[in-house]
Engineer: 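There's a structure below that I have some questions on.
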Amino acid sequence: MAKQNVAEQFVQILVKAGVERMYGVVGDSLNPVVDAIRRTPGLDWVHVRHEEAAAFAAGAEAQITGKLAACAGSCGPGNLHLINGLYDAHRSMAPVLALASHIPSAEIGTAYFQETHPSALFEECSHYNEMISNPKQMPRVLQTAIQHAIGQQGVSVVTLPGDIAAAPAPDHALEHALVTGRPTVRPGDDEIEQLARMVDEADRVTLFCGSGTAGAHAEVMEFAEKVKSPVGHALRGKEWIQYDNPFDVGMSGLLGYGAAYEATHECDLLILLGTDFPYNAFLPTDVKIVQVDIRPEHLGRRSKLDLAIWGDARETLTALTPRVAEKKNRRFLDKMLKKHADALEGVVKAYTRKVEKHLPIHPEYVASVLDEVADDDAVFTVDTGMCNVWAARYLTPNGRRRVIGSFSHGSMANAMPQAIGAQFTDRNRQIVSMSGDGGFSMLMGDFLTLVQHDLPVKVVLFNNSALGMVELEMLVAGLPSYGTTNHNPDFAAIATAAGAYGVRVEKPKDLTKALKDAFKHKGPALVDIVTDPNALSIPPKISAEMVTGFALSASKIVLDGGVGRMVQMARTNLRNVPRP
């Protein structure tokens, strides 16, 4: 029996860690590992057309499953292409193991063909980043990398020269049982008691929730009911906290809507729950603030805190809720619910006015119809830019749907590659890529990955022939739009030529049928929808000093437009307000 080599050992450890596939592009230095995958049951190689797409796909898979995912790039340019997707995975707290294969070990430091220094290149987008320069480092380095990625929820990078991968694995290597799950973190009793006192002393409490409230919906609702708290959310908290929420006051931030801003500023105690909300201009400076986060390094980096709580949201609320006194006065909550409903009633009128006849098609209308016809357990992957706006305003969460985007890193071209990773987790689940024409065309080559692997991803393309969010930024800054126009082909024709289902929609009356037909198609499909580049309206009092890129300096409300079915929920919540 032939002796096991390092590549084979590497692959077998990934299988033990629960990794089911590795995304990447083959190449000479990577060949020993790819060949080991070919011969190893339980781990598949997913051939993509660009390594950036491989990293995005791995990050999305990790976010959907909560388990470790993997990607790889060959030496030099191959693994360099991984970087942007790895930054996104790392900032999204997605556990990803990236294999950066390397030039022959004897040539490192000689300016050899395709030589780079991965240990320096990946330092900022990883929790662990080491090179295996001797077979005896295995399996310890890989096991350590895996446990960093899982334990710290982010990226680990292992650099492996091709000749080391092909070398014999060490005898009697030290292998240990891998940790593949995470424990919960409960705050100490002193912190819980201090927080309980602050809640009891406050007349008006507001909860502002982020993605850290995943799995804590029931606990948030129980606490909000007991202390009569409005519940707002950041974009990444929307899917976890907005549904079945009689305390909902909307979203704060650049894409915000409703009364979340007012609720966070008019309270006397604001609890930031599981959120690393980056836009500190939206946070108040004259109320008491408590932050609860699973990562202690996040505490206090956005605002001054009166109390910092290291713990996860569910454990914290489980310990806290029984210790606080029930509040009887609903005046603050009811006031915020009414403000929320009034705010949504105001903006929804602009969306409903003859929108079904407007040409070019309103993108708000597209998003609203998409929300209606998509499955109740669909996964939406969302391009950065205006697609973020439409997803934030129109997708209705229900506890089963997922919404994934580059919400922390803000990369273009993320949606379709993320859809690849999401679809591989379940070929029978509906995966919808909400793509902008700019983002889609940037990594359009990986549409061929959908066809090659017969992945039934549905690409809904918001085609306004422009970089819409960049035009908005230029407009707000008082600059004429320049370099933002895309001269686009018929994307549906390209999809058809590639072997997928493609349809182009130019009239609103054709939209619903086009989406339903595409969703019924068994394989990959693309719906190219020509949308109005001028659909976004800007409040008249915004000034150039208020917006820089995606950050807000002074404005409370930046974007105006419809809000889809959210207005219905706001009306329902308002009707449920007890009458004296």
Side-chain angles (χ1 to χ4, degrees), residues 235 255 351 355-356 358-374 378-396 403-407 410-419 431-444 447 450 457-473 481 484-495 500-516 518-519 524-537 559 561-564:
L235 178 56
L255 312 184
Y351 153 71
V355 71
E356 73 284 352
H358 184 89
L359 287 173
I361 302 171
H362 263 311
E364 299 99 323
Y365 180 64
V366 177
S368 179
V369 173
L370 173 61
D371 182 54
E372 293 281 355
V373 303
V379 177
F380 299 90
T381 59
V382 182
D383 260 343
T384 297
M386 296 313 303
C387 284
N388 269 195
V389 180
W390 315 138
R393 298 287 180 88
Y394 293 93
L395 295 185
T396 306
V403 182
I404 294 175
S406 187
F407 299 140
S411 173
M412 283 182 64
N414 61 285
M416 186 183 64
Q418 289 178 327
I431 310 296
V432 180
S433 172
M434 292 179 64
S435 297
D437 56 291
F440 177 78
S441 58
M442 183 178 283
L443 284 176
M444 188 167 61
F447 187 79
L450 302 181
V457 168
K458 314 307 177 191
V459 178
V460 178
L461 187 59
F462 290 72
N463 182 3
N464 65 359
S465 297
L467 302 177
M469 184 60 76
V470 180
E471 286 192 345
L472 168 62
E473 292 168 346
S481 60
T484 59
T485 302
N486 295 325
H487 181 69
N488 287 330
D490 182 333
F491 289 110
I494 290 177
Y501 179 95
V503 60
R504 186 173 173 91
V505 182
E506 298 180 353
K507 297 179 180 179
K509 66 183 180 64
D510 300 328
L511 177 63
T512 300
K513 183 178 185 302
L515 288 174
K516 287 182 176 179
F519 288 173
L526 183 145
V527 185
D528 180 8
I529 307 166
V530 180
T531 60
D532 187 355
N534 301 311
L536 190 67
S537 61
L559 304 175
V563 287

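The chain is numbered in sequence order, starting from 1. A quick note: this is a predicted structure, and the numbers were derived from the prediction, not measured.
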Engineer: With under 30° as parallel and over 60° as perpendicular, where do the rings of His358 and His362 fit, or are they tilted in between?
Structural biologist: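 The arrangement is parallel - the two ring planes meet at less than 30°.
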
Engineer: For residues Ala415 and Met434, report the shortest heavy-atom separation together with the two atoms involved.
Structural biologist: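 Between these two residues, the closest heavy atoms are CB-O, 3.8 Å.
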
Engineer: Between Val530 and Phe491, is there a side-chain heavy-atom distance shorter than 4.5 Å?
Structural biologist: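 No, side chains not in contact.
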
Engineer: Looking at residues at least two apart in the chain, or sitting in another chain, which of them share a side-chain contact (heavy atoms from CB on, under 4.5 Å) with Pro417?
Structural biologist: Ala53, Phe56, Leu443

Engineer: May I ask you to test the Phe462-Asp383 pair for a side-chain heavy-atom distance under 4.5 Å?
Structural biologist: no

Engineer: Test side chain to side chain contact (heavy atoms under 4.5 Å, CB included) on Asn388 and Phe407; report intermediate values, then the result.
Structural biologist: CA-CA 8 Å; Asn388 269 195; Phe407 299 140; 3.5 Å; yes

Engineer: Taking side-chain contact (heavy atoms from CB on, under 4.5 Å) as the test, write out the residues that go with Pro508, two or more places apart.
Structural biologist: Leu359, Ile361, Tyr365

Engineer: To the nearest 0.5 angstrom, please state how far the CE atom of Met416 sits from the CZ atom of Phe440.
Structural biologist: 5.0 Å

Engineer: Within the 4.5 Å heavy-atom criterion, are Val432 and Phe519 side-chain neighbours or not?
Structural biologist: yes

Engineer: Using the test salt bridge (charged side-chain N to carboxylate O under 4.0 Å, His left out), find all partners of Lys507 that sit at least two apart in sequence or belong to another chain.
Structural biologist: none

Engineer: So, taking the atom named CG in Leu370 and the one named CG in Leu395, what distance separates them when rounded to the nearest 0.5 Å?
Structural biologist: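 Going from CG on Leu370 over to CG on Leu395, the span is 6.5 Å.
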
Engineer: According to side-chain hydrogen bond (donor to acceptor under 3.5 Å, both in side chains), who are the partners of Ser441, at least two apart in sequence or on a separate chain?
Structural biologist: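 So Ser441 forms no side-chain hydrogen bond (donor to acceptor under 3.5 Å, both in side chains) with any residue.
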
Engineer: Backbone N or O of Ala466 within a donor-acceptor pair of the Thr484 side chain at under 3.5 Å?
Structural biologist: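 Absent.
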
Engineer: Within a strict 4.5 Å, meaning less than it, do heavy atoms of the Thr384 and Met469 side chains meet?
Structural biologist: no

Engineer: For the pair Met386 and Thr531, evaluate side chain to side chain contact (heavy atoms under 4.5 Å, CB included) and give the outcome as yes or no after the intermediate values.
Structural biologist: CA-CA 11 Å; Met386 296 313 303; Thr531 60; over 6 Å; no

Engineer: Within the 4.5 Å heavy-atom criterion, are Leu450 and Val459 side-chain neighbours or not?
Structural biologist: yes

Engineer: For Ser435, check side-chain hydrogen bond (donor to acceptor under 3.5 Å, both in side chains) against everything at least two apart and list the hits.
Structural biologist: Ser433

Engineer: Going by ring pair (Phe, Tyr, Trp, His ring centres under 6.0 Å), name the residues that satisfy it together with Tyr501, two or more places apart in sequence or in a different chain.
Structural biologist: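 Tyr501 satisfies ring pair (Phe, Tyr, Trp, His ring centres under 6.0 Å) with His521 once adjacent residues are dropped.
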
Engineer: With sequence neighbours left out, write down each residue that passes side-chain contact (heavy atoms from CB on, under 4.5 Å) with Thr512, or none if nothing qualifies.
Structural biologist: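 Residues passing side-chain contact (heavy atoms from CB on, under 4.5 Å) with Thr512: Val369, Val373, Lys516.
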
Engineer: Where do Ile494 and Phe447 land on the side chain to side chain contact (heavy atoms under 4.5 Å, CB included) test, with the steps shown first?
Structural biologist: CA-CA 10 Å; Ile494 290 177; Phe447 187 79; 6.0 Å; no

Engineer: Can you list the residues that meet the side-chain hydrogen bond (donor to acceptor under 3.5 Å, both in side chains) rule with Ser406, with sequence neighbours excluded?
Structural biologist: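 Counting only residues at least two positions away or on another chain, Ser406 forms a side-chain hydrogen bond (donor to acceptor under 3.5 Å, both in side chains) with Asp88.
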
Engineer: If only atom types and distance count, is the side chain of Asn414 paired as donor or acceptor with the main-chain N or O of Val382 below 3.5 Å?
Structural biologist: yes

Engineer: Would you find a donor on one side and an acceptor on the other, under 3.5 Å apart, between the side chain of Asp532 and the backbone of Asn464?
Structural biologist: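 No; judged by distance alone, with no hydrogens or angles, the pair does not exist.
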
Engineer: Going by the rule salt bridge (charged side-chain N to carboxylate O under 4.0 Å, His left out), which residues pair with Asp528 if we only count those two or more places apart in sequence or in a different chain?
Structural biologist: Arg504

Engineer: Would you give the length of the straight line joining atom CD of Glu372 to atom CG of Leu515, rounded to the nearest 0.5 angstrom?
Structural biologist: 11.5 Å

Engineer: According to side-chain hydrogen bond (donor to acceptor under 3.5 Å, both in side chains), who are the partners of Asn486, at least two apart in sequence or on a separate chain?
Structural biologist: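 Here the qualifying residues are Asp437.
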
Engineer: Residues in side-chain contact (heavy atoms from CB on, under 4.5 Å) with Ala378, at least two apart?
Structural biologist: Ala374, Asp375, Phe380, Gln430

Engineer: Please find the pair of heavy atoms, one from Val505 and one from Ala514, that lie closest to each other, and give the distance.
Structural biologist: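 Shortest heavy-atom contact: CG2-CB, 3.4 Å.
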
